[in-house]
Amino acid sequence: MNMDDLPNSFLVFVGTKVLDGCNEAGAMLILLVQCVREAPQAMRRKHRLIIQMKRVGPDSLFIAGALALFIGMVLALHSGYSLRQFDFEEALAPIVALSMVKEMAPVITALLLSGRIGAAIAAEIGTMQVNEEIDALHTLGISPVRYLAIPRLIGCVAMLPLLTIYAGIVGMYGGALVAATYFDISYTVYFQRAFDSMEMKDVMEGLLKALLFGAIIAIVACHRGFSTRGGAEGVGRAITTCVVTSFIAIIICDYFVTRFMM
Amino acid sequence: MSENAGKTYDVIAEKLNKSFGANHVLRDFTLSVEKGQTFVIVGPSGSGKSVFLKHLVGLITPDSGEVVVLSKKINELPPEELLALRRRIGMVFQSSALLNSLTVEENVGLGLTEHGLIGQEEVLKIVNEKLALVEMSGKNQLLPEELSGGMRKRVAVARTLALGPDMILFDEPTVGLDPLLSSNVDELILGLKKNVKCTNIVVTHDLITAFRVADRIGMFHDGKIVAIGAPEEFRRSQDKSVQEFIARNRDWRI
């Protein structure tokens, strides 16, 4: 390759990637609009919604709880030792509580679910796509969006906020454990300070994030599943790109919601 | 149906063109299939016959040309009307395409349950009736992974029959089956011709199936139908690609 062509080919590479990204984002937006438009018909099949909700919520309780507990403990440990240097340990509970409620609980739970549920959805729909099962649904006059995507979207959007509340409480409890063990702060004092420092707006910020992250996980996973091509290898690629895309989208969305809520 | 010179047609394809990248699969493809007829399209595997079949249910849209199925221009239908039309067209896929997470009974009753037009008891009655028609009675609770290739094909046929289609499309119905199972599938299609009396379009590379079940046969070559006729007429065709295809298939299933 001629060295003079390098800047040109770099621009072509970047331009292609940006265009691909815009196409993907557009396709996901169309899928979201389709889901919203067809949701009333899909809501009639309640058993399917319940199956998806159970899969996202109750089935993730143990792992989400364990993750939140240790995140809360690590937060308390880090903050506690730093605050001790300034003799300001009373700020420990508010720091852990606000970090958990506004940031850590929604983000960590969403990242966990995009790996656990998002990947599973992409694999499931992707396998159906390469096995012509999605085409079969079309030929039976069944909308795959109604049959597959909407129950999964509702499952994620309904359960992620609940899981976030649960993770927030468990994370705060993890912080309380560390505060009581290493910094001589009793549970009563810890929780009193934690709740005194919190406002409704903080809880709403966490829940809004959870709601949006739930939609991101489901839409990215369903879109990746539906656009799977190329057999088992294609399914593998769909899962990887699903998890990577969700991670990036969640973090970007997190920044903008945080900025918007300030 | 569209009427032309006293005949009614369930399928009219006019100058269809479809390319995938540099691969021009359909070239001015033109074909009409009469109502109630069993039309078989033969041609080598991987030549694009299935692509035409997928045009008939709107799974693929042509680059140019027009497809009229059951009197509807399929590419101009809004999504809800397209879903409604698809309920009148059954398709049996090459891989059978049963939903692997559902039992035989759930697969066969899927369309009926989803459209919610009848109660669960009525659905079960129709499911059992269609399973009996394809000789799969009593297999209701099995999962697709527990079935042989031929049994899956039968369940796939029962699934399409459950919706009472006006037309059934078979995509390579005997591919991957041993000669005995292939023969069973031929019998199944013949049984449908006799009992269900809907229009059948079969895409296959298997000439034995073609000659056994067809009312008319079309030879797919180079993106279009190059020869067409009743089985005996087709056998006598002087078209080079037909003769070559017949010669290559002579020992098949012997």
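Throughout, a chain's letter reflects where its sequence line sits, starting with A, and its residues are numbered from 1.
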Chemist: CD1/B:I89 to CE/B:M167 distance, rounded to the nearest 0.5 angstrom?
Modeler: 4.5 Å

Chemist: Given that the side chain runs from C-beta out, which part of B:L99 has a heavy atom under 4.5 Å from chain A: side chain, backbone, both or neither?
Modeler: both

Chemist: Might you point out which heavy atoms bring A:L31 and A:F226 nearest each other, and give the distance in Å?
Modeler: CD1-CE1, 4.4 Å

Chemist: Would you please test B:V203 and B:F220 for side-chain contact (heavy atoms from CB on, under 4.5 Å) and show each step?
Modeler: CA-CA 10 Å; B:V203 151; B:F220 184 92; over 6 Å; no

Chemist: Find the one option among A:T127, A:N131, A:D135 whose heavy-atom pairs under 4.5 Å with chain B are most numerous.
Modeler: A:D135

Chemist: With respect to chain A, which residue among B:T160, B:L98, B:L169 yields the maximal number of heavy-atom pairs within a distance under 4.5 Å?
Modeler: B:L98

Chemist: Between B:E80 and chain A, with a heavy-atom cut-off of 4.5 Å, which part of the residue counts as in contact: side chain, backbone, both or neither?
Modeler: side chain

Chemist: Does any heavy atom of chain B fall under 4.5 Å from the side chain of A:I134, the backbone, both, or neither of them?
Modeler: neither

Chemist: Starting at OG1 of A:T245, measure out to NE2 of A:H223 and round the result to the nearest 0.5 Å.
Modeler: 8.0 Å

Chemist: In terms of side-chain heavy atoms, does B:N200 have a donor or acceptor partner in B:D215 at a distance below 3.5 Å?
Modeler: no

Chemist: With a 4.5 angstrom heavy-atom cut-off, which part of B:L56 approaches chain A: side chain, backbone, both or neither?
Modeler: neither

